[in-house]
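Predicted, not measured: the structure shown is a model, and the values here were computed from it. Below, read A as the first sequence line, B as the second, and so on, with proteins coming before strands; counting in each chain starts at 1.
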There are 2 protein chains.
Amino acid sequence: MPGPQLLHAALTRNTGFLISWMGLVSSKHFSERIASIGLTTRMWGVLNVLDAEGPITQGALGAAVNMDPSSMVSTIDELESHGMVERRRHPSDRRAYALHMTEQGRETLARGRELSREAQGELLAPLSEEERAQLRELLLKLAAASGELTSPPA
Amino acid sequence: MPGPQLLHAALTRNTGFLISWMGLVSSKHFSERIASIGLTTRMWGVLNVLDAEGPITQGALGAAVNMDPSSMVSTIDELESHGMVERRRHPSDRRAYALHMTEQGRETLARGRELSREAQGELLAPLSEEERAQLRELLLKLAAASGELTSPPA
DNA sequence: TATTGTTATACTCTATAACTATA
DNA sequence: TATAGTTATAGAGTATAACAATA
């Protein structure tokens with residue numbers, strides 16, 4: 001799509017389609033913002049989970065963000081080349097890395113969180129504080145149950 | 001992502017990210033369903049708008065679903081090869097087509113709408129009727145305003 | 001024999017630019 | 001000169017398979 005614009009009324013009937021649409025709008029908007037500090041959405045996800053989980057294996061991190069191993073390689077490559085993450089050797093398993101966040105990684109993450117809040121504010125501008133909280137709760141319920149989804153019927 | 005599963009808690013803080021995530025879950029789930037009747041998400045969007053707008057030009061249809069002209073060509077090719085849409089010549093402009101939906105297109109659309117309702121029911125299963133209506137209203141507000149978004153700051 | 005991470009490869013989706021036939 | 005549609009191509013993003021080092 002050449003820039004998400006207005007959704008045709010005919011495509012507005014199904015709430016699932018609405019969610020997909022707003023998901024595209026949101027991720028496009030957000031990725032434009034964090035691009036200004038050299039981040040992609042994938043890097044963003046990895047950086048956040050790494051921050052929460054501490055030194056962790058590349059495979060475990062990939063599993064946590066639902067990214068396959070080969071995509072992880074290039075994502076970590078990017079983060080490392082920007083000095084945000086270090087690949088150190090795992091102390092007891094010489095096949096594996098222990099990924100560490102650098103000081104610059106932490107600074108970038110902090111700056112990214114500011115941008116993230118800004119982007120969210122713009123995205124949710126049409127909603128009142130109460131409505132934002134409502135939306136957030138509803139989405140959390142859906143996300144919590146989304147693991148049981150996605151398998152096509154027999 | 002190898003199949004949307006659970007979202008890591010660290011990525012749950014930002015509502016914008018939540019929307020993106022659920023958008024991926026929803027569109028993956030939905031596209032798996034309509035694949036069973038030979039439709040892709042793009043074909044689905046075009047079919048719905050074509051149904052609403054009646055015979056229409058390829059370019060106008062592309063604008064209505066925010067799809068660039070070259071992507072429209074392959075999408076209409078698919079629809080035409082499945083006998084759902086016909087490219088007839090525009091009565092007064094021989095450069096343009098007037099796209100017509102066939103009877104089979106209408107049948108597929110009707111069947112797709114059933115699948116769409118089913119998929120929506122599964123996606124929104126964790127929500128009560130009242131919550132579903134809430135979510136729908138909130139998303140409509142956001143979608144209505146999404147045109148003003150997406151441009152990065154100066 | 002299995003696992004961690006890597007490489008090479010391919011497939012999908014989407015966008016860009018150059019082209020044709022009309023206007 | 002501009003527009004409707006087409007073609008060829010290139011760029012993301014993501015997935016698969018084969019591989020080296022280590023377990």
From [atom1] of [X] over to [atom2] of [N], roughly how many Å is that when rounded to an integer?
{"X": "L24(A)", "N": "dG13(D)", "atom1": "CG", "atom2": "C1'", "answer": "14 Å"}
{"X": "M67(B)", "N": "dT6(D)", "atom1": "CE", "atom2": "P", "answer": "14 Å"}
{"X": "Y97(B)", "N": "dT22(C)", "atom1": "OH", "atom2": "P", "answer": "10 Å"}
{"X": "D68(B)", "N": "dT9(D)", "atom1": "CG", "atom2": "C1'", "answer": "13 Å"}
{"X": "H90(B)", "N": "dA4(D)", "atom1": "NE2", "atom2": "P", "answer": "10 Å"}
{"X": "R88(B)", "N": "dG5(D)", "atom1": "CZ", "atom2": "P", "answer": "16 Å"}
{"X": "E80(B)", "N": "dG5(D)", "atom1": "CD", "atom2": "C1'", "answer": "13 Å"}
{"X": "R42(B)", "N": "dT12(C)", "atom1": "CZ", "atom2": "C1'", "answer": "10 Å"}

Report yes if some heavy atom in the side chain of [X] is under 4.5 Å from a heavy atom in the side chain of [Y]; otherwise report no.
{"X": "V46(A)", "Y": "L99(A)", "result": "no"}
{"X": "Y97(B)", "Y": "R88(B)", "result": "no"}
{"X": "L124(A)", "Y": "E131(A)", "result": "no"}

Checklist entry - Is the shortest side-chain N/O distance from R87(B) to OP1 or OP2 of dG5(D) below 4.0 Å? => result no
If you measure from [atom1] on [X] to [atom2] on [Y], what distance do you get to the nearest 0.5 Å?
{"X": "L135(B)", "Y": "L140(B)", "atom1": "CG", "atom2": "CG", "result": "9.5 Å"}
{"X": "L127(A)", "Y": "K141(B)", "atom1": "CG", "atom2": "NZ", "result": "6.5 Å"}
{"X": "L50(A)", "Y": "M43(A)", "atom1": "CG", "atom2": "CE", "result": "12.5 Å"}

Item to check | Touch class at under 4.0 angstrom, heavy-atom based, for R89(A) against every strand present | outcome: nothing
Item to check | Side chain S70(A) and base dT16(D) donor-acceptor under 3.5 Å | outcome: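 A donor-acceptor contact between them is present.
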Protein and nucleotides 18-23 of chain D: nitrogen or oxygen contacts under 3.5 angstrom:
from: dA23(D); atom 1: OP1; to: R94(A); atom 2: N; distance (Å): 2.8

Checklist entry - Quick one: do the R113(B) and N14(A) side chains pair a donor with an acceptor below 3.5 Å? => result no
Checklist entry - Contacts to DNA chain C from residues 46-63 of chain B, heavy-atom cutoff under 4.0 Å, which residues? => result none
Item to check | side chain to side chain contact (heavy atoms under 4.5 Å, CB included) partners for E114(B), two or more places apart | outcome: R111(B), R117(B)
Checklist entry - What's the verdict on side-chain hydrogen bond (donor to acceptor under 3.5 Å, both in side chains) for Q58(B) and R87(B), showing C-alpha distance, side-chain angles and the deciding distance? => result CA-CA 9 Å; Q58(B) 201 162 306; R87(B) 275 192 252 238; 3.2 Å; yes
